[in-house]
Each structure stands twice: as structure tokens, then as C-alpha cells.
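Treat the numbers as computed from the prediction; the structure is a model and nothing was measured.
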Amino acid sequence: EINNMIEKAKYTDMYFPLLLESMSGLRRGELLALRWEDIDLEKKVIHVHRNRVYAGGKVYEKRPKTESSIRDITFGDRMKEAMIDEYQRYLDDKAEYGVLFKDDGYVIRQWNGAPYHPQSWKCKWQRFTDSAGLQHIRFHDLRHSHCTALLESGVPMKTVQYRMGHASIQTTMDIYAHCT
């Protein structure tokens with residue numbers, strides 16, 4: 001199902017975000033707060049240390065709610081290639097739009113470089129699933145799918161806990177162990 005979704009996203013602005021989400025399991029706020037400076041392409045590591053949230057009628061970025069949410073997530077060669085392509089698109093858009101481009105370094109961004117409002121992302125996701133004829137699932141369900149795939153592949157529970165940013169292994173076990 002995830003491969004089908006990614007295939008349907010090809011040639012749209014949802015392709016890279018969905019590929020990144022399905023391969024990293026980031027929380028929505030972590031994904032939307034991610035900047036190019038947080039990615040080490042040489043070591044193939046994403047440094048997660050920000051969260052973009054909507055609360056009290058305002059959008060702001062803050063540290064994740066727990067220390068365990070601050071973590072490094074590794075990725076493979078396929079993701080590295082996709083990141084290189086996406087970064088080149090970032091640079092191309094920056095050059096094309098000039099002063100209209102908001103150059104804050106967001107990885108998941110609007111056409112002008114501006115970050116997404118978390119609620120706008122939720123609507124964008126809904127529009128994508130509708131237009132692609134996909135079963136409606138929450139964007140957060142991609143995180144669950146990532147975690148379940150790790151467990152089904154035999155990745156140790158402690159490693160999955162760290163990768164998902166759970167403060168307690170009990171959280172990982174309570175939410176995901178029943179899936180396998």
C-alpha cells in the first residue's frame with residue numbers, strides 16, 4: 001500500500017515528503033520543522049531536534065516534548081539520492097523565485113520556501129489521498145507503518161524505541177508490539 005501511495009505521488013510535490021516520512025517515521029511536527037542543516041548527507045543521518053506545532057492559535061517551533069525525541073535517524077542510499085534531488089530543487093526554486101523565496105532552509109516547504117502550517121499540511125494530505133483515489137488514512141499512520149515494518153523486519157525493540165523517539169520502551173511495546 002505504501003509503495004502504491006508513493007507511486008501515485010510521483011511527479012507531484014507530495015512524492016518526496018511521503019518517501020521521507022515512510023522511510024523515517026518522523027512525527028508530523030518533526031517533519032515540518034526539519035531544515036537542510038539538520039541533514040548530514042555524508043553520514044546519512046537526520047538530526048531531529050525541533051517540532052513545529054500549532055497551539056493556542058499560533059504556530060511555533062520548539063524542542064520536542066521529551067529528551068528522547070531528540071535523536072538521530074539514519075537513512076539509506078535511496079533516501080540519500082532523493083534528498084540530493086530535493087535539495088537541488090530547493091536551490092533551483094531559490095534561484096527562480098529570488099526575493100519572493102523565503103530562505104529559511106525548510107526541507108518540506110511551500111513553493112516559496114515558507115514552512116507549512118501544521119493544519120495546512122493536514123488538508124494537503126487529505127487532498128492528496130482524495131485525488132489519488134487512496135483510502136483515507138491519517139498522515140500519522142505512515143509513522144505507525146514505518147514502526148511496524150521495522151518490527152516485522154526483526155529490528156530490536158530498543159532500536160525501534162530510539163528511532164521513534166519514545167521516552168519509554170513500554171510506549172513502543174503498547175502501541176506497536178501487537179501489530180506483529
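- Of all non-hydrogen atoms in G113 and Y106, the two that sit nearest each other are O-CD1, 4.1 Å.
- For the pair E96 and R89, the salt-bridge criterion is not met [side-chain N within less than 4.0 Å of a carboxylate O].
- Between the K102 side chain and the N112 main chain, no donor and acceptor come within less than 3.5 Å of each other.
- Defined by atom type and a distance below 3.5 Å, a donor-acceptor pair is present between the side-chain atoms of S69 and T66.
- In this structure, Y54 belongs to a hydrophobic cluster whose other members, linked by side-chain heavy atoms under 4.5 Å apart, are V59.
- At least one donor-acceptor pair under 3.5 Å links the side chain of S131 to the backbone N or O of R127.
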query = Is there a side-chain contact (heavy atoms from CB on, under 4.5 Å) between H144 and H140 once you walk through the steps?
reply = CA-CA 7 Å; H144 288 287; H140 191 75; 3.1 Å; yes
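- Heavy-atom contacts from other residues, nucleotides or ligands closer than 6.0 Å to CD of Q135 number 12 or fewer.
- Using a 4.5 Å heavy-atom threshold, the side chains of W125 and D130 count as separate.
- The hydrophobic cluster containing I70 does not contain I73, counting ILVMFWY residues as joined when their side-chain heavy atoms lie under 4.5 angstrom apart, directly or transitively.
- Clustering ILVMFWY residues whenever any of their side-chain heavy atoms sit less than 4.5 angstrom apart, transitively, puts L151 in a cluster other than the one holding M23.
- For the residue pair Q110 and P115, the shortest heavy atom distance occurs at NE2-O, 2.9 Å.
- Remark: K124 NZ is packed, more than 12 non-hydrogen atoms of other residues, nucleotides or ligands lying under 6.0 Å away.
- The two atoms that bring Y162 and D72 nearest to each other are OH-N, 3.0 Å, heavy atoms only.
- Taking the six-membered ring for Trp and the full ring otherwise, the centers of Y97 and W111 sit less than 6.0 Å from each other.
- By the criterion of side-chain heavy atoms lying less than 4.5 angstrom apart, applied directly or through intervening Ile, Leu, Val, Met, Phe, Trp or Tyr residues, M164 is not grouped with I2; the two fall into different hydrophobic clusters.
- Under a hydrophobic-cluster definition in which Ile, Leu, Val, Met, Phe, Trp and Tyr are linked whenever side-chain heavy atoms come within less than 4.5 Å, directly or via other members, L26 and V160 are assigned to different clusters.
- Rounding to the nearest 0.5 Å places CD of Q161 at 10.5 Å from SG of C147.
- Between the side chain of R35 and the main chain of G105, no donor-acceptor pair closer than 3.5 Å is present.
- Judged by a 6.0 Å distance limit and a 45° cone about the ring axis, R28 is not positioned over the six-membered ring of F139.
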task = Determine, step by step, whether E21 and R27 satisfy the salt bridge (charged side-chain N to carboxylate O under 4.0 Å, His left out) criterion, reporting the C-alpha distance in whole Å, the side-chain angles of both residues, the deciding distance to 0.1 Å, and the verdict.
result = CA-CA 8 Å; E21 180 59 27; R27 295 174 178 99; over 6 Å; no
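- A side-chain contact (heavy atoms from CB on, under 4.5 Å) with E42 is found for one member of I39, V45, D40 and no other, namely D40.
- Atom CE of residue M83 and atom CE of residue M79 lie 4.5 Å apart, to the nearest 0.5 angstrom.
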- Item | side-chain contact (heavy atoms from CB on, under 4.5 Å) between E1 and M5, worked out | CA-CA 6 Å; E1 288 178 27; M5 174 196 66; over 6 Å; no
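- Classification of R71 and E30 as a salt-bridged pair holds, one side-chain N sitting under 4.0 Å from a carboxylate O.
- T12 contributes a side-chain N or O that, together with a main-chain N or O of M14, makes up a donor-acceptor pair within less than 3.5 Å.
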As a quick check of understanding, evaluate side-chain hydrogen bond (donor to acceptor under 3.5 Å, both in side chains) for R52 and H117, giving each step before the final call. CA-CA 8 Å; R52 188 168 178 76; H117 186 294; over 6 Å; no
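- For H136 against T129, the heavy-atom pair with the smallest separation is ND1-OG1, 3.6 Å.
- The aromatic ring centres of F128 and Y15 sit 6.0 Å or more apart.
- Looking only at atom types and distance, the side chain of D92 has a donor-acceptor partner in the side chain of Q88 under 3.5 Å away.
- No salt bridge links R109 with D104; every basic N to acidic carboxylate O contact stays at or beyond 4.0 Å.
- Checked for salt-bridge contact, E81 and R78 miss the test: no charged N lies under 4.0 Å from a carboxylate O.
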message: If you apply the rule ring-ring contact (aromatic ring centres under 6.0 Å, His included), what do you find for F16 with Y87, and how did you get there?
response: CA-CA 11 Å; F16 179 75; Y87 186 66; over 10 Å; no
Quiz prompt | Test log, rule side-chain contact (heavy atoms from CB on, under 4.5 Å), inputs E86 and W36 | solution = CA-CA 10 Å; E86 187 63 23; W36 287 109; 3.9 Å; yes
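- In this structure, CG in L20 is found 5.0 Å from CD1 in I46, a value given to the nearest 0.5 Å.
- For the side-chain contact (heavy atoms from CB on, under 4.5 Å) test with L31, the passing option among L142, N51, I108, V107 is I108; the others fail.
- Counting non-hydrogen atoms of neighbouring residues, nucleotides and ligands closer than 6.0 angstrom, the NZ atom of K94 reaches no more than 12 such neighbours.
- Remark: the Q119 side chain and the K122 side chain contain no N/O donor-acceptor pair separated by less than 3.5 Å.
- For D141 and R138, the salt-bridge test passes: some basic side-chain N is under 4.0 Å from an acidic carboxylate O.
- Between R50 and D38, at least one side-chain N (NZ, or NE/NH1/NH2) sits under 4.0 Å from a carboxylate O, which counts as a salt bridge.
- Hydrophobic clustering (side-chain heavy atoms under 4.5 Å, transitive across Ile, Leu, Val, Met, Phe, Trp, Tyr) groups W121 together with V48.
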